[in-house]
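Read the structure below first, then the notes.
Bear in mind the structure is a predicted one, so any value in this text is a computation, not a measurement.
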Amino acid sequence: MEVERIFSDIYGGRLALQRRQYSPFCREFCLGCPRLSLRSLTAATCTVWLVAYGLFTLCQNSMVLSAAIFITLLGLLGYLHFVKIDQETLLIIGSLGIQMTSSYASGKESTTFIEMGKVKDVVINEAIYMQKVIYYLCILLKDPVEPQGVSQVVPVFQSAKPRLDCLIEVYRSCQEILALQKVTSGSP
Amino acid sequence: MGLLSGGAAEAGQGQAIPAGLLGPPRSRRLQPQGSAPRSWIPTMVLKVFFPSCCSSADSGLLIGRWIPEQNSAVILAVVHFPFIPFQVKQYLSEVQKVSQVDIVVLGTWCNNKQEKEENLGKFLDDLGTIFSHEPWLQISKEKGSKFWSCHTLSRQADTPTEDQVILVYYDQRKVMLSRLHPPEISLDNQPGVITAPDASKLAAVFDTVAKSEVLFMTDRYDDGPIKLTHWQSEGVEASIIVELAKQASVPVCMLLTGLLSLVSGLCKSRIFKFWPVSFIWSKLSTCEQVRYRLEHLRFVFSNQKAENQNQLMRKANIFVSLLVDVALGILLLSWLYRKNRIGQLADALIPVADHVARELQDLLQWLMGVPAGLKMNRALDQVLGRFFLYHIHLWISYIHLLSPFIEMILWYVGLSACLGLTVVLSILSDIFALLTFHIYCFYVYGARLYCLKIYGLSSLWRLFRGKKWNVLRQRVDSCSYDLDQLFIGTLLFTILLFLLPTTALYYLVFTLLRLLVVIVQGLIHLLVDLIDSLPLYSIGLRFCRSYRLAAGVKFRVLEQEEGRPLRLLMQINPLSYGSVVQTYRLPTYSCYPKDTWGSLCKKLFFGELIYPWKQKGDKQD
Amino acid sequence: PYPEPSVRCEVVGWQKVLYERQPFPDNYVDQRFLEELRKNVSARKYQYWSVVFESGVVIQQLCSVCVFLVIWWYMDEGLLAPQWLFGTGLASSLVGYVLFDLIDGGTGRKKSGRTRWADLKSALVFITFTYGFSPVLKTLTESVSTDTIYAMSVFMLLGHLIFFDYGANAAIVSSTLSLNMAIFASVCLASRLPRSLHAFIMVTFAIQIFALWPMLQKKLKACTPCSYVGVTLLFALSALVGLLTISGVGAILFALLLLSISCLCPYYLIRLQLFKENIHGPWDEAEIKEDLSRFLT
Amino acid sequence: MTKSHLNMAYRRVNGPGQSLTSILSHNNCGIHQPCRTGTHNICMVSDFFYPNMGGVESHIYQLSQCLIERGHKVIIVTHAYGNRKGIRYLTSGLKVYYLPLKVMYNQSTATTLFHSLPLLRYIFVRERVTIIHSHSSFSAMAHDALFHAKTMGLQTVFTDHSLFGFADVSSVLTNKLLTVSLCDTNHIICVSYTSKENTVLRAALNPEIVSVIPNAVDPTDFTPDPFRRDDNVITIVVISRLVYRKGIDLLSGIIPELCQKYPDLNFIVGGEGPKRIILEEVRERYQLHDRVRLLGALEHQDVRDVLVQGHIFLNTSLTEAFCMAIVEAASCGLQVVSTRVGGIPEVLPDNLIILCEPSVKSLCDGLERAISQQKSGTLPDPEKIHNKVKTFYTWRNVAERTEKVYDRVSREVVLPMDKRLNRLISHCGPVTGCTFALLAVLNFLFLIFLRWLTPDSIIDIAVDATGPNGAWTQQYSYSKKGEENKEISESR
C-alpha cells in the first residue's frame with residue numbers, strides 16, 4: 001500500500017513524500033528532493049566558462065579553457081556524488097529499529113540503522129538554521145549511562161528540509177509504531 | 001537421555017517463563033486486529049533470523065538460539081531427517097559445551113518440494129512435543145511461492161499467529177566473519193556511548209553466530225549421526241597455506257624475538273647512557289624511527305597470542321606496513337646503488353652547501369648596507385653583520401674539512417635503506433638539519449636578542465606611561481616613580497626604540513629562513529608518519545572483504561503479500577574508509593606543535609623559540 | 001479601561017509613591033510632574049582676576065617649552081657654547097635648590113622626609129648616566145631623517161603640554177607621562193646636536209627646565225603668590241626676547257598666544273557661564289563629596 | 001554557522017521535544033489557532049535574560065509567566081549566551097529564542113540596525129506576534145527590535161529600567177539615540193515616577209504615553225525567619241554588585257567607622273565586582289576578617305538565606321530607578337537603611353525605611369538610628385513587616401497593569417511609512433532625523449527584499465506552547481493517556 005503526497009520544503013520547493021506501509025509495525029517514508037534543475041546547472045557551467053574565457057582573453061593561454069572544462073566536469077561529478085541528495089528514506093520497523101537511507105544523485109547510498117533499544121523517542125525540534133528558524137524531525141538516542149537522559153540527537157531528512165505539515169505526518173506514524181513498542185515492552 | 005537433555009530442557013523452562021507471560025495477551029488481542037491502527041492492540045513482535053543458505057534445505061528441525069529479552073530466534077542450521085531425537089539433543093549439548101551458546105531446537109522447517117503431504121505436517125507438529133520449546137516455530141515453504149508461512153505454537157494459545165512475525169534473512173558466512181563495530185564509530189562519535197552486548201540485539205545475534213562456529217565445522221560429507229544444513233554444508237572452507245603458515249609462525253616468532261631481545265639489550269647497554277651520546281640519541285629522528293620500528297617488531301613477533309580482535313588487527317596492520325616499508329626501501333636501495341648514483345649525490349652535496357653559505361653571505365652584505373631603504377642604526381648593523389659573517393666563515397671551513405668523507409658516509413648511510421624507506425627519510429631529514437645548522441644558530445641569536453629588546457621595551461613603555469605590572473594581582477597598576485627612575489627609564493626607552501628596527505630586521509630574515517627549513521623537515525616527517533601510521537591491512541580488508549568490518553546492518557524490505565510474515569533482508573553496512581583509518585591508525589612518536597596558529601604567531605612576534613618545541617636549542621645557548 | 005479620576009480622587013490627591021494603589025491611570029500626569037527639576041545647580045561664579053592668576057601655570061609651561069626650543073636652536077646653530085650653558089644651568093639650579101628650601105623654611109622637606117644625600121645621589125645618577133649615554137645618543141638617530149625627528153619631538157612636546165598637571169583633576173592628567181614625553185623629545189633633539197657634549201648638556205638642561213623648575217614654581221605659587229606673578233612675567237618676557245632673536249613673527253605670534261590665554265580665555269569662560277543650562281534632578285547619579293582615601297591610608 | 005546551530009539543537013534536552021510531540025500528536029487545531037480575542041501575542045526582546053542575572057532579567061521572566069497565566073502568548077528573544085544557542089523552553093512553555101548575534105560590550109549585542117532583521121522578522125512572522133515589548137535602554141537588540149517592528153508595522157512597547165544623567169557627553173549621545181528609537185514607540189513603561197520624569201526628559205516624550213508600573217518581588221521567596229539570625233550581635237547585610245554606581249566606596253568608609261564604634265556589629269556583603277578589592281583592603285587594614293564577611297557572587301535563590309541572617313539592610317546606591325533589593329530585604333523583615341536617590345523614596349513607606357544622604361556621615365547616622373532601635377527593640381516584628389510589604393508589589397498586579405497597556409496599544413493604529421518618516425524628521429531634529437529616516441527607508445527596502453526571498457506564506461507558523469490549549473498544558477493529558485494505554489494492556 002503506497003501513498004504519495006506533495007509537500008514543500010522550507011524554501012518553497014516541491015517535495016514528494018511516498019508512504020509505504022508494509023505491515024502495522026513496518027513503514028517506510030521516502031522523501032524525494034527536487035531533481036537537479038537544468039537551468040542552475042547550465043547557469044553554473046556558463047559562469048565558469050565565461051570567467052575562463054575572460055581569463056583567456058587576458059592571458060593568451062589556452063590552458064585556461066581546458067582547465068575550466070575539467071573543473072566543471074569534476075565539480076559536477078563531485079556535486080552529484082557527494083553533495084546532491086536525491087532521495088531520503090526513513091524505514092521504521094517496530095521492535096527492530098529505524099533505518100535512514102540517503103541516496104545521492106550518483107546512486108551512492110549511505111545508510112544508518114538505529115536499533116529500537118537505543119531509540120528513546122522521535123520528536124520534532126526547532127533550530128536556527130542560516131537566517132531561518134526551522135522545524136526538523138530528529139531521533140533521540142538513549143543515554144546508556146542514565147536512562148532518562150538523551151545521549152545524542154540524530155536529525156532526519158537533513159538535506160530535504162520539509163515543512164512542518166510533512167514532518168507531522170511522518171511523526172505521527174513514527175509515534176504510532178513507537179507507542180506499540182512502548183506498550184508491549186512496558187507490559188511484561 | 002535425562003542427563004543429557006537436562007541442559008536443553010531447563011533452558012526451555014527458563015525461557016518459557018517470560019514467553020508464557022507474553023502468551024495470553026497476544027493470542028487474545030489478535031481478534032480485533034486488522035482494523036484501523038489506532039484501535040489495533042499491539043503485541044511483542046517475534047523476529048526470526050533465518051540464514052539465507054538454508055532456504056533451499058530439505059525439511060527438518062530448526063536449531064538455533066532463542067533470545068527471550070528481545071523475543072527473537074536466531075536460526076543457525078537445519079537438521080535433516082532422518083535423525084534420532086536423542087542423538088540430536090546429545091549433539092546440541094556437546095556443541096553447547098564447546099561454544100558457550102545455548103543452542104536448542106526452535107521448531108520445524110518444512111520445505112515441500114513436491115505436492116504437499118499433510119502427514120509430514122502433522123508429524124512435524126508432534127515433534128514439538130518431543131523437543132519442548134516455547135514458542136514452537138513452524139516455518140514452511142510451499143513449492144513455487146517465495147512467501148513462506150510461519151506459525152508459532154505456544155502451549156497456552158493454540159492459535160497459530162502469522163503477522164506478528166518478522167523473517168529476517170541473513171548471510172551466515174558474512175555475519176559470522178564480520179565484526180560489528182561499536183555504533184559510535186558509524187554515528188558521529190559520542191564518548192559516553194558504550195553499549196553492553198545484551199543491550200543491542202544485533203550484537204547478540206552477531207556473536208551468537210560467531211560463537212557457534214563449531215556447528216559449521218561439519219559438512220554433509222563427513223558421516224556424523226545427523227545431517228545439518230548451514231553455509232559450510234557444501235564443504236568446509238580451508239586453505240593449506242594458511243595452515244602451514246600457522247604451523248611455521250611459532251618457531252619464526254621465537255627466533256626473531258630472540259634476536260630482537262639481543263638488539264634491544266645492546267641498545268640498553270651502558271654506552272648509550274652517558275650524557276652526550278644519549279642526548280644526541282634522543283635528538284636524531286633516525287634513532288627515534290629505528291626505536292619505533294624495533295618496538296613494532298617486538299610487538300608483532302611476541303609469542304603471546306593477541307587476546308582480542310583489536311590486537312590481532314593491530315598486529316596485522318603493523319606487519320603489513322613493515323613489509324611495505326622495507327619493500328620500498330629495498331627498491332630505493334636498488335636504484336641508488338646502480339651506476340654510482342651515490343658518488344654523484346656526494347659531489348652534488350658539497351657545492352649545494354657552499355652555495356647556501358654564499359647566498360647567506362650575500363644576504364648579510366645586503367643587510368649591512370641599507371636594506372630596502374630601512375633606517376637602521378649603522379653601528380649596531382655593522383656589529384651584527386660581522387658577527388654572522390664570521391659564523392658563516394667557520395661553517396664553510398667545517399664543510400670543507402668534511403668534504404672528503406662525504407661519499408663514504410653516504411655510501412654507508414645508503415645501506416640503511418634496507419631497514420625501510422622511513423629510516424632513510426628520517427636520516428635525510430637529519431642530514432638536512434645538520435647542513436642547515438648555521439641557519440639555526442642565526443635564528444637562535446636573532447631571537448634571543450629580539451626577545452630581550454621586546455621585553456625591555458614593553459616594561460619601559462609601562463614606566464613611560466607611569467604604570468607598573470603588579471605581580472600579585474596580575475594586572476597593571478599606576479605607580480609614582482622617582483625622578484631619576486623616570487629619567488633613566490625614558491633614556492633607555494628611547495635608545496631601545498631607535499635600535500629596535502635593526503634587530504627586528506635581522507630577526508625577521510633569519511626567522512623566515514628557519515621557517516623554510518622547518519617546513520621542509522615537517523614535510524619529510526609527515527611522509528614518515530603517513531607510512532608509519534596508515535593501517536594498510538585494514539584498508540585492504542575493507543577494500544576486498546568489505547563485510548569483515550561492519551559499521552552496522554541495513555535492512556531491505558522484500559516484497560510480500562497480505563497475511564504473510566514480513567520479510568526483510570539483513571545486509572552488512574561496511575565501515576567507511578575514514579572511520580577505518582581513524583579506528584585502526586597506529587600511534588606515532590612524532591612531536592607535532594601543540595600550539596595553534598594564533599599562539600605560533602604570538603610566539604614569533606615576541607621572539608620565543610618556535611621549533612624545536614623542547615630543548616633542542618640548548619646546544620648553543 | 002482606566003478608572004476615570006472620580007470625585008474622591010481629587011479629595012485624595014495624587015502622591016508620588018509606588019506602594020499604594022492610587023485611583024489614577026498608570027499614565028496619569030500630575031501637575032507636580034517634574035517639580036524636582038533643577039537647573040545649573042553646580043554652576044560656579046568665577047572672578048576674572050583669579051582666573052587670570054590661575055592661567056599663570058599654563059603660561060609658565062608654554063614659556064619653558066619655548067625657552068627650551070630657543071636654547072636648542074642656539075646650540076644647534078653653534079651660537080651658544082655648551083660649557084656656558086652648563087655653567088649657567090648649574091648655577092641657576094643651585095640657586096633654585098637653595099630657594100626651594102628657603103621659601104617654606106624646610107617644612108616641605110621635613111614632610112617628605114627626603115635627605116640631602118638622596119638629592120645628591122639622584123643628581124649624580126643624572127650626570128653619570130647622561131654623560132655615559134651621550135655618545136650613544138649622538139649616533140642614535142643619524143639614519144633617521146631630520147624631519148622625522150622634528151615631527152616626533154614637536155608631537156612629544158605637545159603631549160607634554162597636554163598631559164601636564166595644571167592643577168585640574170581630570171582623567172587625562174598624568175604628570176609622569178608629560179615629563180617622560182618631554183625627556184623623550186629632549187633626547188631626540190639632543191641627538192641632532194653636533195657633538196656628544198652638546199647632547200649631554202642639552203639633556204641636563206631639559207631635566208632642569210622640565211622637571212625641577214615646575215617643582216619650584218609650585219612652591220612659589222603656594223607660598224608667595226605675588227612673587228610668583230613676578231617670576232611668571234619675567235619668564236614670559238625672557239622667552240619672548242629669546243624668540244625675538246630668532247624670528248620676529250614667531251615672537252609676535254607667541255605673545256598673542258600668551259595674551260589670549262591669560263586674558264581672553266578667562267573672559268570667555270566667564271561669559272559662557274551665562275549660557276549654561278544643566279538639568280538636574282533626583283535621577284542624577286549622586287557624587288561622593290568627601291574623600292574616602294583616608295580610610296585606606 | 002548552520003552546522004553549529006543544528007548541532008547545538010541536537011545537544012538540547014528533550015523537554016521542548018516532548019512538548020511538541022504532545023501537541024502534534026493530539027491537537028493539530030492548536031497549531032493554526034488565530035490570535036484569541038482579548039489576548040495578545042507578545043514578544044519580549046532584550047539582550048539581558050537568563051543565564052545572565054539581574055533586575056531586568058527577573059522582571060522579564062516573571063512578567064512573562066504572569067501574562068501566560070492570564071492567557072496571552074509570550075515569547076522571549078535574546079542573544080546567545082555561550083553554548084546556550086537556539087530555542088529553549090522554560091516553565092509553562094515560555095519559549096526563549098537565543099539568537100546567534102555577536103556580543104559587543106557587557107552582554108549587549110553590536111548593532112548595525114540591519115543584520116538582525118531577517119531573523120527577527122522570521123520569528124515575528126512565525127510566532128504571529130502582534131506586540132513587541134522591548135526592555136532596558138542599554139540593550140541594543142531591544143532598540144533594533146523596535147526599529148524593525150515599526151518597519152513591519154507592529155505595535156511596540158518599551159520598558160525603561162534605568163536612570164541617566166544629562167551631564168556628560170556620553171549621556172548626551174545616548175539620550176539622542178533614545179529619542180530616535182522611542183519617537184514612534186506606541187507606549188513606554190517606567191518602573192518609578194522618577195524614572196518616568198527622567199525618560200520623558202531624555203526622549204522628549206509626551207508624558208501621556210508613559211505609564212509607571214513598578215517592579216515586583218515574589219513575596220513567597222522572601223519570607224522572614226527570625227531564628228536564623230543570632231541576636232547577640234547586630235548584623236548588617238549588603239547585597240549588590242560591587243561597582244561604583246552601587247556606592248561601594250561609601251560602604252568602604254562606613255564599615256570602619258561603625259565597626260570601631262560598635263564592637264558587636266557584623267557585616268555581610270554579598271555580590272561580586274571590581275570594587276571588591278577596596279572592601280578587602282579595608283578589611284585587612286582594620287583587621288575585620290571575623291566581622292566582615294565577603295560572600296562573593298550569590299545565586300538568586302541564596303539571596304533570601306543571606307538576608308534572613310541580618311537585622312539591618314544597607315543600600316548605598318548612588319542611582320536607582322527602582323531598587324528591588326530593598327523591597328526584598330523589607331519583605332524578609334529587615335530594617336532598611338538606604339540613600340535617598342532616584343526612585344528609592346517612592347518604593348517603601350517611611351516607617352519601613354530610613355533614608356539618608358549619599359555620604360558616609362549621613363549613612364552612619366541612619367545606621368546608628370537603626371541600631372539603637374534594634375537594641376531598644378522598638379523595631380516592628382519581621383512578620384508584621386513582611387505581611388505589610390507583601391501587599392505592595394506583586395507580579396500579578398504588574399501583569400494586569402501591563403495588560404491594560406497592551407489593550408490600549410493594540411487599539412492604536414500603526415503609523416504608515418510616510419507619517420513615520422515625517423515624525424522622525426520633525427521630532428528628532430534635522431540631522432539625526434534625516435539620517436534615521438534614510439535608515440528606516442533602507443530597512444523597509446531590505447524587508448521587502450526579504451519578503452520576496454521568503455514569502456510569509458512559506459514560513460511555518462510556530463506551535464503555540466503556552467495558553468489554555470497550548471502544548472504545555474496538553475502534555476500532561478498526553479502522558480495520562482499513555483498511562484491508560486498501559487493499564488488497558490495489562491487489564492486485558
Side-chain angles (χ1 to χ4, degrees), chain C residues 1-5 9 12-44 168-173 272-273 275-297, chain D residues 163-167 187 189 191-198 200-201 207-214 245 247 249-250 252-253 255-257 278 281-282 285-286 317-319 321-322 327 339-343 345-349 357-361 389 391-393 397 401 404-405 407-408:
Chain C
Y2 307 110
E4 292 73 24
C9 73
V12 172
W14 177 85
Q15 55 193 133
K16 190 179 177 182
V17 292
L18 295 166
Y19 49 85
E20 278 184 7
R21 309 266 190 286
Q22 302 189 46
F24 296 95
D26 288 332
N27 61 340
Y28 171 77
V29 181
D30 195 67
Q31 62 273 15
R32 283 163 52 205
F33 186 67
L34 285 182
E35 67 177 356
E36 294 182 56
L37 178 63
R38 304 265 177 284
K39 286 187 179 174
N40 300 341
V41 174
S42 65
R44 281 169 50 192
N169 55 352
I172 65 165
V173 168
L272 291 178
Q273 283 295 313
F275 303 109
K276 187 167 182 171
E277 176 166 309
N278 200 345
I279 303 177
H280 295 277
W283 49 81
D284 281 340
E285 181 172 320
E287 73 269 22
I288 302 167
K289 301 287 192 310
E290 74 264 67
D291 74 321
L292 300 160
S293 52
R294 64 193 164 95
F295 293 106
L296 285 176
T297 57
Chain D
L163 296 176
F164 258 96
F166 298 86
H187 209 95
I189 299 175
V191 293
S192 68
Y193 291 104
T194 312
S195 163
K196 173 174 178 176
E197 292 172 347
N198 181 251
V200 166
L201 283 174
E208 287 295 332
I209 66 162
V210 182
S211 293
V212 174
I213 301 177
R245 286 166 67 87
D249 307 72
L250 290 175
S252 71
I255 287 175
E257 288 269 315
I278 299 181
E281 280 170 355
V282 166
R285 177 152 166 59
Y286 294 90
S317 298
L318 302 181
T319 170
F322 176 97
V327 183
T339 48
R340 182 186 279 103
V341 293
E346 313 167 20
V347 174
L348 286 175
E357 291 313 309
S359 71
V360 173
K361 185 174 179 318
V389 174
T391 61
F392 290 164
Y393 306 105
N397 173 29
R401 293 160 77 170
K404 280 190 194 137
V405 172
D407 292 333
R408 167 179 171 164

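- Of the atoms belonging to L250(D), heavy atoms from both backbone and side chain fall under 4.5 Å from chain C.
- If you measure heavy-atom distances from P256(D) to chain C, the contacts under 4.5 Å come from the side chain alone.
- Note: G253(D) leads P358(D), G343(D), G253(D) in heavy-atom pairs under 4.5 Å with chain C.
- Residues passing the side chain to side chain donor-acceptor pair (under 3.5 Å) test with E357(D), sequence neighbours excluded: R340(D).
- Using a 4.5 Å cut-off between heavy atoms, S195(D) makes no contact with chain C at all.
- Contact of L201(D) with chain C is made through the side chain alone, with heavy-atom distances under 4.5 Å.
- F392(D) and R21(C) make their closest contact through O-NH1, 3.1 Å (heavy atoms, listed as atom of the first residue, atom of the second, distance).
- Here the closest non-hydrogen pair linking Y193(D) and W14(C) is CE2-CZ2, 3.3 Å.
- The contact between F164(D) and chain C is made entirely by backbone atoms, counting heavy-atom distances below 4.5 Å.
- Under a 3.5 Å cut-off, the side chain of E285(C) and the backbone N or O of T319(D) do not form any donor-acceptor pair.
- Of the two parts of V200(D), only the side chain, counted from C-beta on, holds a non-hydrogen atom closer than 4.5 Å to a non-hydrogen atom of chain C.
- In this structure, the side chain of N27(C) engages the main chain of E208(D) through a donor-acceptor pair within 3.5 Å.
- Contacts of V210(D) with chain C are made by backbone atoms alone, with heavy-atom separations under 4.5 Å and no side-chain atom involved.
- Heavy atoms only, all atoms of each residue included: K196(D) and V29(C) are closest at NZ-CG2, 3.8 Å.
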